[in-house]
Amino acid sequence: MEIDWSVVPGFLPELAAGARVTILIALAGLVGGTILGLIAGLMRAYGGRVLNAIAFVYIELIRGTPIVVQVMFLYFALPVLTGLRVDPMTAAILAIVVNAGAYIAEIVRGAFLSIPRGLTEAGLAMGLPHWKVLAHIVGPLAFRRLIPPLGNQFIVSLKDTSLFIVIGVGELTRTGQEIMASNFRAVEIWTAVAVIYLIMTGTLTAILRLIENRMRIL
């Protein structure tokens, strides 16, 4: 079969729709994952023995298992255990939240603990409560160090959405597979899918670089 690139434009609307689903899953999942990761990371860095242990178990459990297993558990096993049925889209978003949250937690922990302890002690010596020291002194400095690794995790999570093909989510990879199955134009369709992923990750990278430059991160 000869390669015919002229077939690609006809399928762009379908691929664009799949890309929108991919972006929706990634955005919703990463917002939740960032919140969860921030909480778990602070629990690891500043929580007591119990909170630290809870966060540690969560982080190690998630980082030690593939995201495909996690989404399959949420979609197939969770309803059996709890009686709550989740649709594929919800399972996909929850998987990104849980998975990204574990990695972001370690990024947060490392960033906060990298700030010299003397700054925390100085804030406490001024009579500030610990939460204000974290919010107004340590936090802004840690945030600058968070951006590069956090951006990398965002890109990884965006690409991880392609794995949700296993539960039938109509994201970009699933859309490409369905189109290819109907016309067997594997080279053309998968090249188009790869280019769309490159556009999405490239745009995200450019945004992150802009933020880094604005904040003058070395």
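Remark: N99 CG to I67 CD1 distance equals 4.0 Å, nearest 0.5 Å. Here Y197 contributes atom OH and I155 contributes atom CD1; the two are 14.0 Å apart, rounded to the nearest 0.5 Å. Between atom CG of residue L24 and atom CG of residue L27 there is a gap of 7.0 Å, rounded to the nearest 0.5 Å. With rounding to the nearest 0.5 angstrom, the CD atom of E14 is 7.5 Å from the OG atom of S182. Once rounded to the nearest 0.5 Å, the distance linking CE of M89 with CD1 of I167 reads 10.0 Å. Remark: M200 CE to T22 OG1 distance equals 5.0 Å, nearest 0.5 Å.
Judged purely by atom type and a 3.5 angstrom limit, T175 has no side-chain atom pairing as donor or acceptor with the backbone of L15. Under a 3.5 Å cut-off, the side chain of R145 and the backbone N or O of S114 do form a donor-acceptor pair. With hydrogens and angles disregarded, a donor-acceptor distance shorter than 3.5 Å links the side chain of Y58 to the backbone of V98. Judged by distance alone, with hydrogens and angles left aside, the side-chain atoms of T90 form no donor-acceptor pair with the main-chain N or O of V86 at under 3.5 Å. Using a distance-only test at 3.5 Å, with no hydrogens or angles considered, no donor-acceptor pair links the side chain of N52 to the main chain of G48.
If you chain together hydrophobic residues whose side chains sit under 4.5 Å apart, V108 and L208 fall into the same group. A continuous path of hydrophobic side-chain contacts links L12 to I3 [ILVMFWY only; heavy atoms under 4.5 Å]. Note on I179 and V187: same hydrophobic cluster, where clusters join Ile, Leu, Val, Met, Phe, Trp and Tyr whose side-chain heavy atoms are under 4.5 Å apart, directly or indirectly. Two different hydrophobic clusters hold M43 and L38 under the rule that ILVMFWY side chains link at heavy-atom gaps under 4.5 Å. Follow the hydrophobic side-chain contacts under 4.5 Å out from I165 and you never reach L94; the two are in separate clusters.
Few gaps surround OH on Y46; more than 12 heavy atoms of other groups in view lie less than 6.0 Å from it.
Closest non-hydrogen pair, T161 versus I96, comes out as CG2-CD1, 4.3 Å. Residues F112 and V138 approach most closely at CD2-CG1, 3.6 Å, considering heavy atoms. Between I147 and E212 the shortest heavy-atom distance is CG2-CG, 3.7 Å. Taking both residues in full, the closest heavy atoms of A100 and Q153 are given as CA-NE2, 4.0 Å, listed atom of the first, atom of the second, then distance. What you find for T65 and L61 is that their closest heavy atoms are OG1-O, 3.1 Å. Residues A102 and R63 share a closest heavy-atom pair of CB-CG, 4.1 Å.
In this structure, R174 does not pair ionically with E171, as no charged nitrogen and carboxylate oxygen lie closer than 4.0 Å. Look at E106 and R44 and you find a salt bridge, because one of the NZ, NE, NH1 or NH2 atoms lies within 4.0 Å of a carboxylate O, short of that distance.
Geometrically, R85 engages Y75 in a cation-pi contact, judged by NZ or CZ lying under 6.0 Å from the ring centre and within 45° of the ring axis.
S157 and D160 form no side-chain donor-acceptor contact under 3.5 Å, judged by distance and modelled atom types alone.
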